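The chain is numbered in sequence order, starting from 1. Note that the structure is a prediction, hence the values are computed from the model and not measured.
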Amino acid sequence: MDKGKINGVVFLDICKVFDSINDKILLRKLKNLFGIHDIELKWFESYLTNREQVCLVNGHTSLPKKIRCGVPQGSILGPLLFLLYVNDMPDLLKNHFRISMQMILKFRLPHTISRH
């Protein structure tokens, strides 16, 4: 702001964040960005895929339903896996918004503000 430029902040509130993680994307990031390979990658794949859930209400259990995305909640790994999943988001947003903001908005603050 001291240089006459406007700064902006973007806050994201993602609903059901742990439920919305795509396991294929997360596994690809674990491999390509964080260097997890071989048996460790297979362990994460086993941990994240082919999971099912049931509901228990008044003593009655529903049929199992396959979980298509997300990380197990209530585990120590859930928050860590989420952070690894979104770790590259600032770079993606920075590049996207830099281009968009340069094309759309070109503001300069006046050096002095006159008062009447």
Side-chain angles (χ1 to χ4, degrees):
M1 287 176 18
D2 292 338
K3 294 180 181 180
K5 296 182 180 180
I6 292 179
N7 292 306
V9 177
V10 175
F11 294 98
L12 299 174
D13 183 9
I14 305 170
C15 295
K16 298 184 180 183
V17 70
F18 291 108
D19 293 332
S20 62
I21 293 174
N22 182 308
D23 58 353
K24 290 176 184 62
I25 293 172
L26 177 58
L27 289 167
R28 187 175 68 235
K29 287 183 178 190
L30 289 172
K31 180 180 178 185
N32 297 335
L33 296 177
F34 301 105
I36 297 174
H37 297 281
D38 303 323
I39 196 164
E40 292 83 7
L41 187 63
K42 291 277 187 201
W43 185 89
F44 276 108
E45 183 178 3
S46 172
Y47 182 71
L48 294 169
T49 58
N50 297 320
R51 296 182 299 124
E52 294 181 339
Q53 69 182 15
V54 295
C55 272
L56 177 63
V57 178
N58 295 329
H60 299 285
T61 305
S62 70
L63 295 173
K65 184 170 181 175
K66 185 172 178 157
I67 299 173
R68 297 183 184 177
C69 60
V71 296
Q73 296 181 37
S75 68
I76 294 173
L77 286 178
L80 175 65
L81 291 172
F82 168 72
L83 291 174
L84 295 176
Y85 187 75
V86 299
N87 187 33
D88 58 346
M89 188 180 291
D91 294 331
L92 297 172
L93 291 175
K94 180 173 60 174
N95 291 335
H96 174 74
F97 283 115
R98 180 185 304 139
I99 293 167
S100 298
M101 295 303 283
Q102 285 177 354
M103 291 181 354
I104 297 171
L105 303 172
K106 208 71 161 163
F107 288 115
R108 292 195 59 78
L109 293 175
H111 293 286
T112 60
I113 299 174
S114 60
R115 296 180 186 208
H116 297 285

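Of all heavy-atom pairs between C69 and R51, the closest is O-NH2, 3.9 Å.
Side-chain heavy atoms closer than 4.5 Å link hydrophobic residues (I, L, V, M, F, W, Y) into clusters, and following such links, possibly through other members, connects L83 to Y85. Hydrophobic clustering (side-chain heavy atoms under 4.5 Å, transitive across Ile, Leu, Val, Met, Phe, Trp, Tyr) keeps I67 apart from W43.
Around the CG atom of L56, the shell of radius 6.0 Å holds more than 12 heavy atoms that belong to other residues, nucleotides or ligands. By the neighbour-count criterion of 12 heavy atoms within 6.0 Å, atom CD1 of I76 is sparsely surrounded, having that number or fewer from other residues, nucleotides or ligands.
Every residue meeting the side-chain hydrogen bond (donor to acceptor under 3.5 Å, both in side chains) condition with K66, not counting sequence neighbours, appears here in chain and number order: N50. By the side-chain contact (heavy atoms from CB on, under 4.5 Å) test, S62 pairs with V54, C55, sequence neighbours left out. Shown here are the side-chain contact (heavy atoms from CB on, under 4.5 Å) partners of L41, two or more places apart in sequence or in another chain: L27, L30, K31, I36. Annotation: side-chain hydrogen bond (donor to acceptor under 3.5 Å, both in side chains) contacts of S75 (sequence neighbours excluded): Y47. In terms of the side-chain contact (heavy atoms from CB on, under 4.5 Å) criterion, residue partners of Q73 (sequence neighbours excluded) are, by chain and number, F18, D19. N22 pairs by the side-chain hydrogen bond (donor to acceptor under 3.5 Å, both in side chains) definition with nothing, not counting sequence neighbours.
Looking at F82 and V71, their side chains never come closer than 4.5 Å, going by heavy atoms from C-beta outward. By the 4.5 Å heavy-atom criterion applied to side chains, L26 and L81 are counted as neighbours.
Atoms CD and CD, from E40 and E45 in turn, are 13.5 Å apart once rounded to the nearest 0.5 Å.
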